[in-house]
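FYI, side chains are in, hydrogens and waters are out, and symmetry mates aren't considered; it's all heavy atoms of this structure. Whatever order the structure lists them in is the order used to number ligands and atoms, beginning at 1.
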Amino acid sequence: MRLLLVEDDDMIAETVLGAMRRSGYAIDWAEDGRAAELSLGNGVYDLVLLDLGLPKKDGIDVLNTYRKSGGAAPVIILTARDAVEERIRGLDAGADDYLIKPFDLDELAARVRALLRRRTGQKQPIYAHGELTLDPAAHEVTKGGEVLPLVPREFALLQALIEEPTRVFTKAALEEKLYGWGEEVGSNTIEVHVHSLRRKIGAEQVVTVRGVGYRLKRC
Ligand code: CA
């Protein structure tokens with residue numbers, strides 16, 4: 001999962017970036033409204049965390065432009081306690097949820113999980129596919145009831161696949177899901193992760209679609 005944080009306060013940004021990375025998300029940081037618009041133009045984000053009081057361009061304007069241009073990723077607004085009208089304007093402009101600063105990082109993570117589920121039409125908090133289950137909250141994968149020890153990138157890779165179990169992912173699409181800006185991605189990085197994931201969950205679980213990419217096996 002690839003997230004975008006739009007926030008001009010360094011301290012808040014560092015805290016949120018750290019927490020989201022520990023939760024296994026790739027996350028990029030835009031420090032002002034204009035940088036946010038440029039980033040959103042890439043169309044690679046699964047979810048956006050949006051501060052409203054921003055230099056260069058107001059958060060509400062960023063959101064309006066994003067929605068008008070067809071941007072569909074869920075957006076969580078991060079606002080001050082006394083800014084009720086701002087929150088209402090944000091929700092009316094197409095935000096999906098909001099959090100009041102200072103917020104609890106565990107609550108932020110839970111709201112992110114909830115919106116990511118809703119986005120893929122997933123009602124249950126735990127994904128299931130054949131013998132596999134993936135629990136984003138507990139960061140746990142099981143096969144036939146047995147817990148498998150996945151490292152964060154393997155977990156993120158399986159999460160991407162299991163959220164859209166019929167989609168064939170190109171390597172580029174998986175790189176976008178697993179890595180943020182400035183992270184070194186070697187030409188065979190995704191193959192390496194697929195290889196190590198297969199070793200843990202069973203080679204047959206991840207199917208290679210020749211010349212295209214990867215998908216989960218049908219079940
Ligand atoms: Ca701000």
Side-chain angles (χ1 to χ4, degrees), residues 1-120 125 136-137 139 152 156 159-160 163 175-185:
M1 295 296 99
R2 177 95 169 258
L3 278 45
L4 178 69
L5 169 65
V6 185
E7 171 63 69
D8 61 320
D9 183 307
D10 290 11
M11 292 245 294
I12 296 174
E14 292 302 334
T15 310
V16 171
L17 292 171
M20 291 296 105
R21 284 180 185 137
R22 281 192 298 280
S23 293
Y25 301 111
I27 182 164
D28 298 327
W29 177 25
E31 293 179 67
D32 62 59
R34 198 127 348 117
E37 282 196 331
L38 278 175
S39 307
L40 289 169
N42 297 332
V44 300
Y45 297 106
D46 298 294
L47 185 140
V48 181
L49 302 172
L50 179 67
D51 176 33
L52 294 182
L54 292 168
K56 296 190 182 169
K57 187 156 187 175
D58 187 72
I60 298 276
D61 295 336
V62 172
L63 179 57
N64 265 320
T65 308
Y66 178 58
R67 288 297 188 230
K68 277 183 189 143
S69 68
V75 173
I76 301 177
I77 286 176
L78 311 171
T79 67
R81 184 167 302 278
D82 53 359
V84 180
E85 278 174 30
E86 208 179 57
R87 290 201 292 278
I88 293 171
R89 283 208 300 142
L91 291 168
D92 284 339
D96 299 90
D97 199 357
Y98 66 82
L99 268 175
I100 294 170
K101 293 176 183 176
F103 46 80
D104 181 86
L105 288 170
D106 290 337
E107 183 180 3
L108 172 63
R111 285 174 190 255
V112 166
R113 286 193 297 274
L115 283 177
L116 288 175
R117 276 204 304 276
R118 211 186 296 166
R119 175 183 129 282
T120 53
H139 238 258
Q159 182 164 6
E163 283 192 337
E175 281 172 12
E176 277 177 1
K177 293 257 179 214
L178 268 60
Y179 290 91
W181 299 327
E183 289 189 274
E184 204 63 50
V185 190

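Of the possible polar contacts, none joining the Y45 side chain to the S39 backbone as a donor-acceptor pair under 3.5 Å is found. For D8 (side chain) and D32 (main-chain N/O), no donor-acceptor pair under 3.5 Å exists by modelled atom type. In this structure, R21 contributes its side chain and Y25 its backbone to no donor-acceptor pair below 3.5 Å.
One finds the NZ atom of K101 at 3.5 Å from the CD atom of E7 (value rounded to the nearest 0.5 Å).
Between R111 and the choices D106, D97, D96, the side-chain hydrogen bond (donor to acceptor under 3.5 Å, both in side chains) rule is met once, by D97.
Considering all non-hydrogen atoms of both residues, L63 and A95 come closest at CD2-N, 3.6 Å.
Protein N/O/S atoms closer than 3.0 Å to the Ca ion (ligand 1): D8 OD1, D51 OD2, G53 O.
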